[in-house]
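In what follows, residues are counted from 1 in the order of the sequence shown.
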Amino acid sequence: VASVGVGTPLKMTRQYIKNIGRSLIVKVGNETIEALLTAANEENITLSWEAREPKKIGKGKETVQKNEQISYTDIKEAIVTVTF
């Protein structure tokens, strides 16, 4: 069974607004981010994800919640991830 359009990159602002609350894979520069789309407007989108980073004091890593606003002009490709 196939669904037309699943896996195609988002191109228009209205597509981002429609997909608020879904998980995206976003390519920005040479970085790829898999994150939750929490907000979208006419200029940019806001992504939220958890990342493992080195502790500020001591050894080891800690899980940090990250939020980032990304301009549409900086996005090379954004695809909605489909979960079953």
Problem - Partner residues of Glu50 under the side-chain hydrogen bond (donor to acceptor under 3.5 Å, both in side chains) criterion, sequence neighbours left out - result: none
Handout entry: Partner residues of Gln65 under the side-chain hydrogen bond (donor to acceptor under 3.5 Å, both in side chains) criterion, sequence neighbours left out
Key = Ser48
Problem - Sequence neighbours excluded - salt bridge (charged side-chain N to carboxylate O under 4.0 Å, His left out) pairs with any residue from residues 51-61 - result: Glu53-Lys66
Handout entry: Residue pairs, two or more places apart or on separate chains, that pass salt bridge (charged side-chain N to carboxylate O under 4.0 Å, His left out) and touch residues 13-23
Key = none
Separation between [atom1] of [X] and [atom2] of [Y], rounded to the nearest 0.5 Å:
| X | Y | atom1 | atom2 | value |
| --- | --- | --- | --- | --- |
| Asp74 | Gln69 | CG | CD | 11.5 Å |
| Lys11 | Tyr72 | NZ | OH | 15.5 Å |
| Thr81 | Leu37 | OG1 | CG | 10.5 Å |

Completion exercise
Sorted by chain and residue number, the salt bridge (Lys or Arg N to Asp or Glu O under 4.0 Å) partners of Glu77 (sequence neighbours excluded) come out as Lys27
Handout entry: Check: Met12 main-chain N/O paired with Gln15 side-chain donor or acceptor under 3.5 Å
Key = yes
Any heavy-atom pair between the side chains of [Y] and [X] that's under 4.5 Å?
| X | Y | answer |
| --- | --- | --- |
| Ile79 | Leu24 | no |
| Ser23 | Glu34 | yes |
| Leu47 | Val26 | yes |
| Leu10 | Asn19 | yes |

Exercise for the section: Report yes or no: do Val64 and Ile70 belong to one cluster of Ile/Leu/Val/Met/Phe/Trp/Tyr joined by side chain heavy-atom distances under 4.5 Å? Expected result: no
Problem - Hydrophobic cluster membership, Ile20 vs Ile45, 4.5 Å side-chain cutoff - result: yes
Problem - Check against side chain to side chain contact (heavy atoms under 4.5 Å, CB included), Ile25 and Thr32 - result: CA-CA 7 Å; Ile25 296 175; Thr32 301; 3.6 Å; yes
Completion exercise
Sequence neighbours excluded, the answer for side chain to side chain contact (heavy atoms under 4.5 Å, CB included) partners of Ala39 is Thr46
Problem - Closest non-hydrogen atom pair, Asn41 against Asn44 - result: OD1-N, 2.9 Å
Practice task
Provide the closest heavy-atom pair for Gly21 versus Leu36 in the form atom of the first, atom of the second, distance.
Solution key: O-CD1, 3.2 Å
